[in-house]
Amino acid sequence: MLNVHDFETAARATLDPVYADFIAGGARDEITVRANEAAFSGLRLLPRMLRGSAERDLAVTLLGDRADLPILLSPTAFHKLVTPDGELATARAAAAAGALMIVSMASTVAVGEIADAARAVGGDDVSLWFQLYIQPDLEITEALVRRATDAGCTALVVTVDSPVLGANERNRRNGLNDLPAGLYCENLRDLRDGESGHVRQIAMSPELSWEHIDWLRRTTSLPILLKGVLHPEDARLAVQHGVDGLVLSNHGGRQLDTVPATLELLPEMAAAVAGRIPIVLDGGVRRGTDVVKALALGASAVGIGRPVMWALAEGGEKSVRHLLELLHAELDDTLALCGASGLDDLTPELVRPAGWGHAGQGTCNGGVVS
Ligand SMILES: Cc1cc2nc3c(=O)[nH]c(=O)nc-3n(C[C@H](O)[C@H](O)[C@H](O)COP(=O)(O)O)c2cc1C
Ligand SMILES: CC(C)CC(=O)C(=O)O
């Protein structure tokens, strides 16, 4: 295993094709799935020379939480679909690599147990964030927030791009519409008006509005990030509503098909928030060079979704750790080759659109030659 692509190939060879499709797939024609990766290939790095430093500092601090690398584990559901220990394996690997994990609300292990597993490996300094789908029943939502808070999660990542479930036609064709027997969204176990042992289904909330974000802001003192805001105007509104950070994400192309690649949106989003809150970008990040491009164009960190699922499927905990070590090494190597000694050295003039030489000189603003 030398890179993310190797894990993808190995996972496809190991997994039930129905689950391999669930992971790889996206909404409708998967135009956005492909666009995310293509956007990274469409940019070139223009390195600086003779600025060497013996070591590079890859550490990042986000909303008070320190991580050894600016590559987060984006929230992904149902890890027990691909490995018996499920999210316990992921959390141990992330803790060992010093990476920040965002636990999905749809985890197949309860968030408290995930946190215990992470701390058993990484000690009390390990940070975990919790991804939340605000439920139509706000008492249920409050109970979920309490569970995440009690587990020691230090931020809430509210996914706002899913008023309805994305239409994954691979899942429909494969007849995948439920978890296999014995797997549950454990964070929803025993929540109100269910008999003991009952696990609620996650509900999507088409009525979700800024009032819900205001309500959540009043309900918790944890930092709140919004995941899935795509329009710069919504980014400005997020700042106005007291949101602490954004995850610039199109859900890996799994919600509205044909939305832009997240990398294409990054310069406008960075301009809209103007450094007031951090932006984490996910979607199509597969290489250290991708991380450098995103950070150069204004992200504070990136997230990876599918690569973690592929590594889990390939070899569980040790493979996720290996994946994170590979990406750490790729990023370090890329920084050295770019003449950067740390993440702060990554600035927009390191990036050019492909074909820029033909159009004459210019700096890149995320694909826009100026
Ligand atoms: C199998 C799978 C499950 C996911 N589950 C969730 C989830 O529970 N909550 C969420 O907010 N996003 C979820 N996502 C989206 C990821 O958080 C992330 O935005 C996306 O995977 C990033 O793109 P990438 O897979 O190209 O790295 C999921 C993605 C995948 C592939
Ligand atoms: C709907 C969730 C349970 C999972 C999810 O967000 C996804 O599969 O993209």
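Order of appearance sets the numbers: ligands from 1, and atoms from 1 within every ligand.
- Of all atoms in ligand 2, listed by their number and element, those nearer than 4.0 Å to a heavy atom of Phe22 are 8 (O).
- Annotation for ligand 2: atoms under 4.0 Å from non-hydrogen atoms of Ala106 are 3 (C).
- In this structure, Glu8 does not pair ionically with Arg306, as no charged nitrogen and carboxylate oxygen lie closer than 4.0 Å.
- Classification of Arg48 and Asp345 as a salt-bridged pair fails, no side-chain N sitting under 4.0 Å from a carboxylate O.
- The shortest distance between side-chain heavy atoms of Phe130 and Arg147 does not fall below 4.5 Å.
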Filter the ligand 1-protein atom pairs down to N or O on both sides and distance under 3.5 Å, then list them.
| from | atom 1 | to | atom 2 | distance (Å) |
| --- | --- | --- | --- | --- |
| ligand 1 | 5 (N) | Ala77 | N | 3.1 |
| ligand 1 | 8 (O) | Ser104 | OG | 2.8 |
| ligand 1 | 9 (N) | Gln131 | OE1 | 3.2 |
| ligand 1 | 9 (N) | Tyr133 | OH | 3.2 |
| ligand 1 | 11 (O) | Thr159 | OG1 | 2.8 |
| ligand 1 | 11 (O) | Lys227 | NZ | 3.1 |
| ligand 1 | 12 (N) | Pro75 | O | 3.4 |
| ligand 1 | 12 (N) | Lys227 | NZ | 3.0 |
| ligand 1 | 12 (N) | His251 | NE2 | 3.3 |
| ligand 1 | 14 (N) | Pro75 | O | 3.3 |
| ligand 1 | 17 (O) | Pro75 | O | 2.7 |
| ligand 1 | 17 (O) | Lys227 | NZ | 3.0 |
| ligand 1 | 19 (O) | Lys227 | NZ | 3.1 |
| ligand 1 | 19 (O) | Ser249 | OG | 3.1 |
| ligand 1 | 19 (O) | Asp282 | OD1 | 3.2 |
| ligand 1 | 19 (O) | Asp282 | OD2 | 2.8 |
| ligand 1 | 25 (O) | Arg306 | N | 2.9 |
| ligand 1 | 25 (O) | Arg306 | NH1 | 3.0 |
| ligand 1 | 26 (O) | Gly284 | N | 2.9 |
| ligand 1 | 26 (O) | Arg286 | NH1 | 3.4 |
| ligand 1 | 26 (O) | Arg286 | NH2 | 2.7 |
| ligand 1 | 26 (O) | Arg306 | NH1 | 3.2 |
| ligand 1 | 27 (O) | Arg286 | NH1 | 3.3 |
| ligand 1 | 27 (O) | Gly305 | N | 2.9 |

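- A heavy-atom distance below 4.5 Å is not found between the side chains of Thr289 and Phe40.
- By the 6.0 Å contact criterion, CD on Glu142 is enclosed, its count of non-hydrogen atoms from other residues, nucleotides or ligands being greater than 12.
- Between Val82 and Leu15, the closest heavy-atom pair is CG1-CD2, 3.6 Å.
- The protein heavy atom nearest to atom 2 (C) of ligand 2 is Tyr133 OH, 3.8 Å.
- The residues Asp257 and Arg28 are annotated as not salt-bridged, no charged nitrogen and carboxylate oxygen being separated by less than 4.0 angstrom.
- Between Glu169 and Arg172, no side-chain nitrogen of the basic residue sits less than 4.0 Å from a carboxylate oxygen of the acidic one, so the salt-bridge criterion is not met.
- Residue-level proximity to ligand 2 for Thr76 is absent, since no heavy atom of it falls below 4.0 angstrom.
- Residue Met204 has at least one heavy-atom neighbour below 4.0 Å for each of these atoms of ligand 2: 1 (C).
- At a 4.0 Å cut-off, not a single heavy atom of Met105 sits close enough to ligand 2 to count as contact.
- Atoms of ligand 2 lying under 4.0 Å from at least one heavy atom of Phe78, given by number and element, are 3 (C).
- Within ligand 2, counting atoms from 1 as listed, the ones closer than 4.0 Å to a heavy atom of Leu165 are 1 (C).
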List the steps and the verdict of side-chain contact (heavy atoms from CB on, under 4.5 Å) for Leu216 and Leu132. CA-CA 11 Å; Leu216 187 65; Leu132 179 73; 4.1 Å; yes

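- With respect to Arg12 and Asp21, a salt bridge is recorded, a charged nitrogen being found less than 4.0 Å from a carboxylate O.
- The side-chain heavy atoms of Thr108 and Glu87, taken from C-beta on, include a pair separated by under 4.5 Å.
- The nearest heavy-atom contact from the protein to atom 9 (O) of ligand 2 is Arg254 NE, 2.8 Å.
- Which parts of ligand 2 touch Ala77 is read off a 4.0 Å heavy-atom cut-off, strictly below it: atoms 4 (C).
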